[in-house]
Amino acid sequence: MRPAPQQMEIPFCDAADHDASAPSDFFPEREQAIRQLHETFGVMVGERVRVTLRGLPGTFTGKLVLDALLLPESLRDAIPLRLNRITFDLRDIETCERLV
């Protein structure tokens with residue numbers, strides 16, 4: 001007779017203990033890219049924002065994220081961003097306002 005397999009307990013951190021606004025140490029290059037975007041262009045990656053985009057009517061709200069692991073080698077290249085399911089380039093932003 002075989003012994004019953006034992007279940008392994010995996011400790012999970014409590015979501016209340018985790019500060020989502022704290023920078024992650026997992027991808028320091030990505031964190032640096034996000035800081036550089038904010039310092040250079042005033043883009044609020046990781047924040048809830050309201051944006052208007054060139055050529056699209058209306059405003060869009062949600063959390064603005066960098067839609068690539070890192071920035072392109074030249075900041076003159078396309079910098080892909082995403083807001084919910086909408087993907088666009090940094091150059092497409094007409095207005096961007098932080099929401100509280």
Side-chain angles (χ1 to χ4, degrees):
M1 181 184 254
R2 293 178 119 172
Q6 293 182 354
Q7 285 188 317
M8 187 168 93
E9 287 189 33
I10 301 173
F12 289 97
C13 67
D14 186 4
D17 295 338
H18 179 67
D19 181 5
S21 65
S24 165
D25 291 335
F26 292 116
F27 301 104
E29 295 88 0
R30 183 175 173 81
E31 295 296 326
Q32 175 59 33
I34 291 170
R35 271 192 305 278
Q36 185 177 3
L37 267 177
H38 181 70
E39 291 168 4
T40 306
F41 301 106
V43 176
M44 297 164 260
V45 174
E47 302 281 338
R48 281 195 38 81
V49 297
R50 176 182 298 124
V51 298
T52 57
L53 301 172
R54 293 187 214 302
L56 290 176
T59 62
F60 304 93
T61 59
K63 184 176 179 182
L64 184 64
V65 295
L66 182 61
D67 199 32
L69 186 57
L70 298 173
L71 290 177
E73 293 204 15
S74 169
L75 290 181
R76 291 184 293 160
D77 293 337
I79 298 174
L81 298 170
R82 183 169 35 90
L83 187 67
N84 300 323
R85 292 184 177 202
I86 302 167
T87 57
F88 51 93
D89 185 88
L90 173 68
R91 297 172 284 198
D92 296 329
I93 295 178
E94 202 167 79
T95 65
C96 183
E97 169 188 0
R98 180 180 303 164
L99 299 175
V100 256

> What's the verdict on side chain to side chain contact (heavy atoms under 4.5 Å, CB included) for Asp67 and Phe88, showing C-alpha distance, side-chain angles and the deciding distance?
Replying inline: CA-CA 9 Å; Asp67 199 32; Phe88 51 93; over 6 Å; no
> Given Leu81, which of Asp92, Ile86, Val65, Ile93 fulfils the side chain to side chain contact (heavy atoms under 4.5 Å, CB included) condition?
Replying inline: Ile93
> How many angstroms lie between CG in Leu99 and CD in Glu47, if you round to the nearest 0.5 Å?
Replying inline: 10.0 Å
> Taking all non-hydrogen atoms of both residues, which atom of Ala33 and which atom of Leu66 are closest, and how far apart?
Replying inline: CB-CD2, 4.4 Å
> Any side-chain heavy atom of Leu83 sitting closer than 4.5 Å to one from Val49?
Replying inline: yes
> Any donor-acceptor pair under 3.5 Å linking the side chain of Arg50 with the backbone of Gly62?
Replying inline: no
> Between Thr59 and Thr52, does any side-chain donor sit less than 3.5 Å from a side-chain acceptor?
Replying inline: no
>> Taking CZ in Arg85 as the centre, count heavy atoms belonging to other residues, nucleotides or ligands within less than 6.0 Å. Is the count above 12?
In response: no
>> Quick one, Asn84 with Phe60, criterion side chain to side chain contact (heavy atoms under 4.5 Å, CB included). Give me CA distance, side-chain angles, the key distance, then yes/no.
In response: CA-CA 9 Å; Asn84 300 323; Phe60 304 93; over 6 Å; no
> Where the side chain of His38 meets the backbone of Met44, is there a donor-acceptor pair that is under 3.5 Å apart?
Replying inline: no
>> Nearest 0.5 angstrom please: Thr61 OG1 to Arg48 CZ, how far?
In response: 5.5 Å
